[in-house]
**Q** 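Got a structure for you, questions after.
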Amino acid sequence: MNKLVLIDGNSIAFRAFYALPLLTNQSGTYTNAAYGFTMMLMKVLEEEKPTHMLVAFDIGKTTFRHKEYKEYKGKRDKTPGELSEQLPLIRDLLDAFGIQHYGLEGYEADDIIGTLACQADGEEVPVTIVSGDKDLLQLVTERVSVLMTRKGVTDTQRYDIQAISDRYGLKPKQIIDLKGLMGDSSDNIPGIPGVGEKTALKLLHQFGSVEGVLAHVDELPGKKLKERVAEHAEQARMSKVLATISCEVPLDFSLDDLKFEDFDPVNVVPLFKRLEFKTLLKRIQKDETPAIETVEAKKLTFATVNRENTKEWEGIFERAHLALYAEMTVPNYHRAEVPGIALSGEGIHLYIPLETALEWKAFKKWLADSAKQKTAYDVKGTHVALKRQGLESEGFTFDVLLASYLINPSESEHELSDIVGRKLDDSLPSDETVYGKGAKRRQLEGEELARHLTRKTEALFRLQPVLEKELQEAELASLFYDLELPVAKILAEMEWVGVKVDKEGLRKLEKELTAKLEELTTKIYGLAGTEFNINSPKQLAEILFDKLGLPVLKKTKTGYSTSADVLEKLAPRHEIVEEILHYRQVGKLISTYVEGLLKERFEEDGKIHTRFNQAITATGRLSSTDPNLQNIPIRLEEGRRIRKVFVPSEKNWWILSADYSQIELRVLAHLSGDESLIEAFKSNMDIHTKTAMDVFGVQKEDVTSQMRRHAKAVNFGIVYGISDYGLSQSLNISRKEAGEFIQRYFESYPGVKQYMDEIVRKARKDGYVTTMLRRRRYLPDIHSSNYNRRSFAERTAMNTPIQGTAADIIKKAMVEMSRALHKENLSARLLLQVHDELIFEAPEEELGILSDRVRRVMEEAIQLDVPLKVDVDSGRTWYEAK
DNA sequence: AGGGTCACG
DNA sequence: ACGTACGTGACCCTC
């Protein structure tokens, strides 16, 4: 049975555009209208199952209606550029779906739809019209219905004869009369002034049509109305003509030409990927997965290597380049089992169960051979996990995870299946799909595991050239090969070595802090006059604001804020507040640091083995998890004591820490070329004092500690992409004062101001910003019409080159330091990196040379127009090393 | 699972 | 009139 669907293209595109926020893909193309349109399209295909389809568009400016009334559509606002540039995109999408689209000079989409609806009706083919325009209701018949958008994009209501009657009490054709009387401001159709929908409907219910109303002017209720109708009779007749949809557009095609057979995902997927329609992509790929999977599974022939047949497969190790994947049972590779390993080369896919791998000499030789090139996903994790199984691995020359990260560090999904979905015209089931999650998680074995793993290595093998090319094109190849890959190997070693912690020291701290917490708890209950959960912001707010009547200074989404900055302001008003602040402090130390560290400590070696995530931050920094060793307390003495439990792992060894002084401001001085700032660093001045002198116009001797504190906050603000509001918050001053500070700063350092303006301009032009080593971050929101999003992107444009360059520099220092340790034959080891600081452990006799080398390497890691300065200190624990 | 809070650079 | 300082991760509570 045939079914024709006619879509009012402009109407749906408009609706989608205004219903959705102004989305863009990474390359800055606006996609919201195209996205909404596609959602609607897919819904219609699913629900209507059309055999014939057409999307009609308005093209050109004038239609036959303008002859009748030259003001037609006269008052309509211009289509925004962000929408009109998406119309070609929508046509591309329709082409990909294999759906006809059409526009005709001199006619509106309505008329094309009307003509085809009439034809189809004549041929007894049922028709669904999709639009947001009520005009089209006039086309409804026994066989023609209209799907009208309601709110959002895909929420629709079907209008047939009955529905129109229910809603308006009219027959479909009377919709024309309705508009003749009430007009339509969006099309600039006048109708009768003062007659809206209510009056118009009342009149039509009584007299049936515009002509009927005009013939009975005398019988109309109310003097005013009579006058108006009489006066505008001609205008009403004309309005009716304008509102009438033509069914006689000369079309050079017939219904048969509009045949639609189900779309082919092969054509649609690449376009969805380009436009980053992730949800829709998943939807069509889900529908398609079974088909693709069987094809893939058939195509991919793999072999399982076992003790008996190893000889048959050893030829594979002759190959110059293979992909390797070591499967793990849990994400923490320090604790994971490796059930098996897969290898892929052109036309060959092997699965090696762990037991076989451990005994297979040729495999182990190949694995440890640095001349044998290997592509992996996460070489750091792979290396560590294998090492835990007693397998040495070398020669990782490509990391799919790191490549994907460098290509777009803002992307949050770098799981292999996501990368395959983005970069290949293919799909791979995610680990969650294969293994399940939570309680439903299961382990695979045998054939199933082998298939899943070889699919992964096969994908890795194909991904490598694709990613390699993208790296080249974005000028990221050197960053990848010369910096990130070497850093991955260094981090693997750091994680493998781990940091020794003093368990007894932690236990003592735990006892002491717990006693303190109990004391505070009792005191707080006493002051509150009741017991409650101090850890619950909700219960705490009740006590503070309801029971004790303290003023509410700030709200959160869900209630009253009890954050530290609020409590500090409330402290003078009630004794309890200070105790709560202290309680929070101690509570944090116990749960996150004392208990947290004890939980992560490995019994075997008494060490903590964190994992540095090298593919997470948008700026190029590292992060650290399980536990996070980059946020161990230092600012307050009570917390700083935690550092006493971080000790050297060998007798008579020391902890040595080397940190960059003011690296971000020095980078800013270099990037901006500001003479005054450069001079300040060249003469080794205290930069915050210098800023205070300039901003407050005083001599060095007259800088008060308050001035220096304010200047320091301004400097932070500059690095973060300053705003007066942000600065006012951090200093607890008025926005006006903050604004004045900023203005005076920019007057003192005009080069910085110029640089900030320039970097934002560049971000707008290119769509991204870069660091000194060409690390790239895209900023699609730089074009957003939303003030907040745009402002955020602008601040990011200012901050990322600074933070990111500092990250580049310390990574470079790590690579060179690792070479230096090797060359000097030192047994000192790098343990941790904390953004601008490197922490080592070393035997006492190496402290002199190590301190010397570290300072040199770090200070000379990159040549800037200002010197880099490094402070080095050592001690028996991390606490004492600084 | 998400929000609030807080630890670091 | 709006509502932000940049970059992270872990814990607790609440639903």
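Here is how names work: the chains are called A, B, and so on, in the same order as the sequence lines, proteins then strands, and each is numbered from 1. This one's a predicted model, so the numbers in the text were calculated from it and none came from an experiment.
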**Q** So does A/Ser536 get a side-chain nitrogen or oxygen closer than 4.0 Å to the phosphate oxygens (OP1/OP2) of C/dT14?
**A** yes

**Q** Within less than 4.0 Å of OP1 or OP2 of C/dG7, is there a side-chain N or O belonging to A/Arg777?
**A**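 Checking C/dG7 against A/Arg777, a side-chain N or O does come within under 4.0 Å of OP1 or OP2.
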
**Q** Can you tell me how far the OG1 atom of A/Thr514 sits from the CD1 atom of A/Ile590, to the nearest 0.5 Å?
**A** 4.0 Å

**Q** Starting at atom CD1 of A/Ile722, determine the distance to atom P of C/dG3, rounded to an integer number of angstrom.
**A**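 In whole Å, C/dG3 P and A/Ile722 CD1 are 21 Å from each other.
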
**Q** Could you tell me the separation between the CG atom of A/Leu597 and the C1' atom of C/dG9, rounded to a whole number of Å?
**A** 13 Å

**Q** Any base atoms under 4.0 Å from A/Ile616, or only sugar-phosphate, or nothing? Heavy atoms, all strands.
**A**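 Sugar-phosphate only.
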
**Q** For a quick check of understanding: with a heavy-atom distance under 4.0 Å over all strands, which category does A/Ala618 fall into, base, sugar-phosphate or nothing?
**A**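 Sugar-phosphate, backbone atoms only, no base.
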
**Q** May A/Tyr725 be described as stacking on the base of C/dT4, applying a 5.5 Å centroid limit and a 30° limit on plane angle?
**A** yes

**Q** Hey, does A/Asn613 reach any base, or is it just sugar-phosphate, or nothing, if we go heavy atoms under 4.0 Å?
**A** nothing

**Q** Under 3.5 Å, is there a donor-acceptor pair linking the side chains of A/Asn408 and A/Tyr778?
**A** no

**Q** In sequence, state the C-alpha distance, the side-chain angles, and the governing distance for A/Asp626 and A/Thr610, and then conclude on side-chain contact (heavy atoms from CB on, under 4.5 Å).
**A** CA-CA 6 Å; A/Asp626 301 324; A/Thr610 187; 6.0 Å; no

**Q** Answer with yes or no after comparing the ring centroid distance for A/Phe741 and A/Tyr745 against a 6.0 Å cut-off, counting only values under it.
**A**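 No, the ring centres sit 6.0 Å or more apart.
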
**Q** Want to settle it: does A/Tyr787 or A/Asn799 sit nearer the 5' end of DNA chain C, counting the closest nucleotide to each?
**A**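 Between the two, 5'-proximity favours A/Tyr787.
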
**Q** C/dT14, OP1 or OP2 - any side-chain N/O from A/Gln539 closer than 4.0 Å?
**A** yes

**Q** Is the A/His609 ring parallel, tilted or perpendicular to the A/His334 ring (thresholds 30°, 60°)?
**A** tilted

**Q** In terms of relative ring orientation, are A/Phe696 and A/His710 parallel, tilted or perpendicular, with 30° and 60° separating the classes?
**A** tilted

**Q** Is any side-chain N of the basic residue among A/Arg641 and A/Glu637 closer than 4.0 Å to the acidic one's carboxylate O?
**A** no

**Q** About how many Å separate CD of A/Gln630 and CD of A/Glu837, when rounded to the nearest 0.5 Å?
**A**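 Between atom CD of A/Glu837 and atom CD of A/Gln630 there are 10.0 Å.
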
**Q** Are A/Asp757 and A/Arg761 ion-paired here, with the side-chain N under 4.0 Å from a carboxylate O?
**A**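 Looking at A/Arg761 together with A/Asp757, the answer is no, because their closest N to O distance does not fall below 4.0 Å.
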
**Q** Quick one: label A/Ala793 by what it contacts on the DNA or RNA (base, sugar-phosphate, nothing), any heavy atom closer than 4.0 Å.
**A** nothing

**Q** Does a nitrogen or oxygen in the side chain of A/Lys599 sit under 4.0 Å from OP1 or OP2 of C/dA10?
**A**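 For C/dA10, neither OP1 nor OP2 has a side-chain N or O of A/Lys599 closer than 4.0 Å.
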
**Q** C/dG3 C1' sits how many Å from A/Glu794 CD, rounded?
**A**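 Answer to the nearest Å: 14 Å.
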
**Q** Starting from P on C/dT8, measure out to CZ on A/Arg611 and report it in whole angstrom.
**A**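 Value for this atom pair: 17 Å.
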
**Q** Indicate whether any N or O donor in one side chain lies under 3.5 Å from an N or O acceptor in the other, for A/His582 and A/Glu638.
**A** yes

**Q** Whole angstrom is fine here: how far is it from CD in A/Glu542 over to P in C/dC13?
**A** 15 Å

**Q** How many Å lie between CG on A/Asn535 and C1' on C/dA10, as a whole number?
**A**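 Answer to the nearest Å: 14 Å.
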
**Q** Measuring only between side-chain heavy atoms, which start at C-beta, is A/Ile718 closer than 4.5 Å to A/Phe716?
**A** no

**Q** Name the nucleic acid region contacted by A/Gly721, choosing base, sugar-phosphate or nothing; use a 4.0 angstrom heavy-atom cut-off, strictly under.
**A** nothing

**Q** Tell me whether the side-chain N/O atoms of A/Arg795 come closer than 4.0 Å to OP1 or OP2 in C/dA5.
**A** no

**Q** C1' atom, C/dC2 versus B/dA7: distance in rounded Å?
**A** 31 Å

**Q** Using whole Å, report how far CZ of A/Phe792 lies from C1' of C/dC6.
**A**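 After rounding, the reported distance stands at 8 Å.
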
**Q** Say you pick atom P in C/dG3 and the same atom in B/dC6; how far apart are they, in whole Å?
**A** 23 Å

**Q** Mind listing the residues from residues 569-579 of chain A sitting with a heavy atom below 4.0 Å of DNA chain B? Number order is fine.
**A**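 Close to the strand, none.
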
**Q** Please, what dot-bracket string fits DNA chain C when only Watson-Crick and G-U pairs with both distances under 3.5 Å count, crossing ones use [ ] and pairs to another strand use |?
**A** .....|||||||||.

**Q** What's the closest nucleotide to the side chain of A/Ser723 if the choices are C/dA10, C/dC12, C/dT4?
**A** C/dT4

**Q** According to a strict under-4.0 Å criterion, is A/Ser730 in side-chain N/O contact with OP1 or OP2 of C/dA5?
**A**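 No, A/Ser730 has no side-chain N/O under 4.0 Å of OP1/OP2 on C/dA5.
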
**Q** Going through the checks in order, is the salt bridge (charged side-chain N to carboxylate O under 4.0 Å, His left out) test met by A/Glu484 and A/Lys380?
**A** CA-CA 11 Å; A/Glu484 298 293 353; A/Lys380 170 164 68 71; over 6 Å; no

**Q** Base contacts versus sugar-phosphate-only contacts with protein, heavy atoms under 4.0 Å: please encode nucleotides 4-9 of chain B as B, S and - from 5' to 3'.
**A** SSBBBB

**Q** Check this for me: does any side-chain nitrogen of one of A/Glu600 and A/Arg335 sit under 4.0 Å from a carboxylate oxygen of the other?
**A** yes

**Q** Using whole Å, report how far CG of A/Asp724 lies from P of C/dA5.
**A** 13 Å

